[in-house]
There are 2 protein chains.
Amino acid sequence: MRLSHLEKTCQEKGLRMTTQRRVIARVLSVSEDHPNIEEVYKRIQQVDPKISLATIYRTLRLFQEEHILKRHEFGDGIARYENASVEHHHHLIDKGTGQIIEFYDDRIETLQQEIAKSLGYELVGHRLELYGVPLTKDKKKKS
Amino acid sequence: MRLSHLEKTCQEKGLRMTTQRRVIARVLSVSEDHPNIEEVYKRIQQVDPKISLATIYRTLRLFQEEHILKRHEFGDGIARYENASVEHHHHLIDKGTGQIIEFYDDRIETLQQEIAKSLGYELVGHRLELYGVPLTKDKKKKS
DNA sequence: CTAGCTGCAAAGAGTTTGCAACTGT
DNA sequence: ACAGTTGCAAACTCTTTGCAGCTAG
């Protein structure tokens, strides 16, 4: 059987591949959104209902420490995960629907580096989230 | 006795001013950092050890809802508060010491507006945090 | 006077952990 | 074989809440 992208990454890192980890890796490999633990648990249960929540917590933490997954916390304080292999980007969260839109802008990146440097720091990480509401036609016209 | 800045704000908003709220408002008025609840509790206890943690939670939430305080969560997921009357700014967190440096940059603000608009959204909020390590002399020279 | 606030202790949400049984390598 | 992993339930941390008594306006 074909290995999922995340399973392959796990192997490269020399992680012991248990049934549970395989399932978790596969489920997250095909996830293109930003599920929280509860959501991950639900998806896992569709595949193997015997996997416990504790294992999911442990595995997601492990994957995060191994930089296989990225952990986010958007506003609500609930941990959400996404595949770390996707290229660097930020998130715009729709305040109404909660929908998450990914974006990347080079100018922001450069500016952040610059700001950090001017404060006497080397930038080692950053977090940027925009919260917005859809532009109405009216507002679009005005602008 | 002179009212603290935050006490005044509370009165303007028509909040009932209990002893506890006064103490909490005063302690936060003189705080120029970003204390978490535990830290706020400690400071409160120096002034009036009988004020309960529950009251502090309730009051900080109230103050936040009234836009008297701003709540932040930097990386660690612990709520931190700061006086909302300070002007808009972002934070650079020193990864080594945890020290928090405030900064403001107009170009970032403009860029964010622009990005949101280009995605079809009106920007209603944002969060930006930089994480850095102090530049060493070496690195300073190189740059 | 009384609506709203407080302190206490108990409950809740989300997450971690101790331990005995189990399993990948 | 055996170090590392799992499932379970209990523990933990941070935060909220029910309730009886208290207090600002």
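In this text, all values refer to a predicted model and were calculated from it rather than measured experimentally. Letters go in sequence order (proteins before strands), and every chain restarts at 1.
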**Fill in**
Tested for side chain to side chain contact (heavy atoms under 4.5 Å, CB included) against B:Leu28, the lone hit among B:Ile68, B:Asn83, B:Leu60 is B:Leu60
**Message:** Quick one: does any side-chain atom of A:Arg127 pair with a main-chain N or O of B:Arg127 as donor and acceptor, under 3.5 Å?
**Reply:** no
**Item:** Nucleotide nearest B:Arg61 (side chain, heavy atoms from C-beta), chosen from C:dT15, D:dT16, C:dT6
**Value:** D:dT16
**Spacing between A:Gln64 atom CD and C:dT15 atom C1', to the nearest angstrom** = 13 Å
**Message:** Considering every strand and a 4.0 Å limit on heavy-atom distances, what is the contact class for A:Arg21: base, sugar-phosphate, or nothing?
**Reply:** sugar-phosphate
**Prompt:** What nucleotide among D:dA24, C:dG14, C:dT6 has an atom nearest to a side-chain atom of B:Thr19?
**Reply:** D:dA24
**Prompt:** Do you know which of A:Lys70, A:Arg71, A:Glu102, A:Glu39 makes side chain to side chain contact (heavy atoms under 4.5 Å, CB included) with A:His34?
**Reply:** A:Glu102
**Asked** Over how many whole Å does the gap from A:Arg16 atom CZ to D:dC2 atom P extend?
**Response** 14 Å
**Asked** A:Gln11 has an atom CD; how far is it from atom P of C:dG24, in whole Å?
**Response** 14 Å
**A:Leu6-A:Ile51 co-clustered via ILVMFWY side chain contacts under 4.5 Å** = yes
**Message:** I want to verify a distance call: between D:dT15, C:dG24, D:dG7, whose nearest atom is closest to the A:Ser52 side chain?
**Reply:** D:dG7
**Fill in**
Walking DNA chain C from its 5' end, the first of B:Ala54 and A:Leu53 to be reached, judged by nearest nucleotide, is B:Ala54
**Asked** To the nearest Å, how far apart are B:Arg58 CZ and D:dC14 P?
**Response** 19 Å
**Prompt:** When the distance from CD1 of B:Ile24 to P of C:dC5 is rounded to whole Å, what number comes out?
**Reply:** 12 Å
**Asked** Among the nucleotides D:dT6, D:dA24, C:dT15, which one has an atom lying closest to any side-chain atom of A:Ala79?
**Response** C:dT15
**Complete:** Here the distance between atom P of C:dT6 and atom CD of B:Gln20, to the nearest Å, is 5 Å
**Prompt:** What nucleotide among C:dT15, D:dG7, D:dC14 has an atom nearest to a side-chain atom of A:Ile51?
**Reply:** D:dG7
**Rounded interatomic separation in angstrom, taking CD1 from B:Ile56 and P from C:dC5** = 16 Å
**Prompt:** How far apart are the closest heavy atoms of B:Asp33 and B:Glu82, and which atoms are they?
**Reply:** O-CB, 4.0 Å
**Prompt:** Does the side chain of A:Tyr57 get closer than 4.0 angstrom to OP1 or OP2 of C:dT15 through an N or O atom?
**Reply:** yes
